[in-house]
Amino acid sequence: MKFNKDFLFGVATSSYQIEGAAKEDGRCESIWDGFCRQPGKVYMEHNGDVACDHYHRYGEDIELMRQLGVQVYRFSIAWPRIFSAEGQYNEKGMDFYKRMLKELKSKGIKAAATLYHWDMPVWVLEKGGWESRECVNYFVEYAKKCFEELGEYVDFWITHNEPYCAAYLSYYTGEHAPGVRDLARATKVIHHIMLSHGEAVRAYRRMGLLAPIGIALNVQPGYISEDTFLNRLALNNYDGYTNRMFLDPLFKRSYPADVLNLYAGAGRDLTYIKEGDLDIIGEPIDFLGINFYSRHLVEYTPDNELLFKSARSDYPKTAMGWDVSPEEFMDLIERIRKDYTDLPIYITENGSAWEDTVTPDGKIHDEKRVDYLVRHLEVVSRMVEKGLNVKGYFAWSLLDNFEWAFGYSRRFGLVYVDFDTLERIPKDSYWKYKEIIEESRK
Ligand code: FCB
């Protein structure tokens, strides 16, 4: 594996998944707190009250990063810590990020901060959440405060993590907070999230800060096994739903008309898209973040409004049931280069969940995660070699953590967390990653 000397290796986490300290220092309720209390929403009603207790153990976690040898850490800021009510800035919450970032800098690690990794204050949801255009203003106010207070420590800004999930999983399939199932509402949510991205970038530029700013999308390449007209239609719709709906407004200043026409079956009022909005969403950014886990095999179905469903695939699968598909990772980046942009790309997430067991002598031999990591990094190194302008890679995740609707039942960490004692144990994949990073610096 070969990487350029300036290639950045990192790890990624997010606030609700690791921080805990749910009631400390003026943090207000997050939409995930309440969602976790609703029976049947999250595995065994797990919640983020304690999570990895990173809020108190960040020193230990940063030491794990230093030992690992990563150059950059991607984390997210919890909006409920920063604004505890409308117009009510909470300095104590911001202080946590300052403490954490100072510690990070003291170890020579760069910081990539995500503003929205699905952790919304309940007071914002009560005002309509992303369904309301007002939410864009609340988000921009929050973003500006973060830029102002943390600008001196942050090396990369990411406005949103995976608008796909924040819109569809939260408002269409209902798997994520707030658990709505309505495609028309999800479509509106997409628009307001994308608009808030563009407005935040504009506000950032006006403040004259220099660190690069971008967004992280979970672009997922689709495939069909039997090449028929109906399957090609299904694939078109899958790609529109998953990828073009987010890439087109960012890079082409428009939404894909076929997708909006398809969504009209669920609701025809699109008047929330105001003239000029697409120019705001298309405000130039400095890099594109790509989260990649898996390809997706689809086929035609007459049973839902989108006319596609997941197809049975014979690829090996992770504990999430996701195909292990490193070669398709290359297809994805090449497609983005061909259809969308030459901007630098950072792989802002990539990783895999497996069932880990701790050996009697306290080790975790996670060969499958090692294999997944190595095979994906090999592909990333080929991307670099091909001159595809891929400039960094963040492993998801540093720690086992709260995996949303799956609670603590899915482990993605390079470091094992014992959720009873909160002890951290580096897995074999952690040591392998360290070796790869060291090797690349020679
Ligand atoms: C991504 C999310 C991240 C984590 C991984 C497994 O979709 O961004 O928070 O849950 O999946």
Side-chain angles (χ1 to χ4, degrees), residues 10-20 30-32 35-36 41-43 46-48 51-52 54 73-79 112-120 156 158-173 175-177 190 193 197 214-221 241-243 246 288-296 317-325 329 332 346-356 366 368-369 372-373 376 393-417 427 429:
V11 284
T13 66
S14 90
S15 56
Y16 193 77
Q17 295 180 276
I18 65 162
E19 286 179 359
S30 151
I31 57 173
W32 273 91
F35 192 67
C36 292
K41 299 293 188 193
V42 172
Y43 176 80
H46 287 169
N47 62 51
C52 305
H54 171 80
Y73 171 44
R74 175 177 175 226
F75 67 101
S76 79
I77 300 167
W79 188 354
T114 306
L115 290 167
Y116 190 74
H117 201 126
W118 316 344
D119 199 357
M120 173 184 277
F156 298 89
I158 295 165
T159 54
H160 280 273
N161 179 67
E162 304 186 351
Y164 168 103
C165 295
Y168 296 133
L169 302 191
S170 297
Y171 282 88
Y172 181 35
T173 66
E175 293 155 75
H176 283 185
I190 293 178
I193 291 180
H197 155 81
I215 187 168
L217 302 181
N218 53 321
V219 184
Q220 193 176 15
Y241 170 85
T242 312
N243 304 324
F246 304 92
L288 175 63
I290 294 289
N291 296 354
F292 175 82
Y293 289 88
S294 164
R295 69 159 197 169
H296 196 163
K317 302 203 171 17
T318 68
M320 297 297 282
W322 298 345
D323 284 358
V324 177
S325 47
F329 194 4
L332 161 66
Y346 288 87
I347 308 306
T348 33
E349 285 179 30
N350 172 247
S352 59
W354 305 97
E355 271 167 36
D356 294 321
D366 57 339
K368 291 190 172 150
R369 190 176 292 98
Y372 181 100
L373 175 73
H376 285 76
Y393 173 93
F394 295 78
W396 183 272
S397 178
L398 173 69
L399 304 169
D400 290 338
N401 59 45
F402 175 81
E403 180 46 39
W404 308 111
F406 294 90
Y408 298 96
S409 72
R410 295 289 185 280
R411 295 178 176 273
F412 274 91
L414 299 173
V415 174
Y416 182 90
V417 177
K427 305 177 191 177
S429 53

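Residue numbers start at 1 and run along the sequence shown. Just so you know, these numbers come straight off a predicted model, no measurement behind them. Values reported hereafter were calculated over all heavy atoms of this structure, with side chains retained and with hydrogens, waters and symmetry mates removed. For ligands, and for the atoms within them, numbers begin at 1 and follow the listed sequence.
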Give me the nearest non-hydrogen protein atom to atom 7 (O) of ligand 1 as residue plus atom name, then the distance to 0.1 Å.
Glu162 OE1, 2.5 Å
Near His117 (heavy-atom distance under 4.0 Å), the atoms of ligand 1 are 2 (C), 3 (C), 8 (O), 9 (O)
Residue, atom and distance of the protein heavy atom nearest atom 10 (O) of ligand 1 read Glu403 OE1, 2.7 Å
If you measure every N/O of Trp322 against every N/O of ligand 1, is any gap under 3.5 Å?
no
Atoms in ligand 1 flagged as close to Gln17, the criterion being non-hydrogen separation under 4.0 Å:
3 (C), 4 (C), 9 (O), 10 (O)
Phe402 side chain near Val42 side chain, heavy-atom distance below 4.5 Å:
yes
By number and element, which atoms of ligand 1 are closer than 4.0 Å to a non-hydrogen atom of Asn161?
8 (O)
Heavy atom of the protein closest to atom 3 (C) of ligand 1 (residue, atom name, distance):
Glu349 OE1, 3.5 Å
Does either side chain, that of Ser76 or that of Ser15, offer a donor lying less than 3.5 Å from an acceptor on the other one?
yes
Option whose closest heavy atom lies nearest to atom 5 (C) of ligand 1, chosen from Phe412, Phe402, Tyr293:
Tyr293
Leu217 side chain reached by Phe246 side chain, heavy atoms, under 4.5 Å
yes
Any ion pair linking Arg369 and Asp356 (charged N to carboxylate O, less than 4.0 Å)?
yes
Is it true that the NZ or CZ of Arg74 lies under 6.0 Å from the centre of Phe156's six-membered ring and within 45 degrees of the ring axis?
no
Side chain to side chain, Tyr164 and Thr242, heavy atoms closer than 4.5 Å
yes
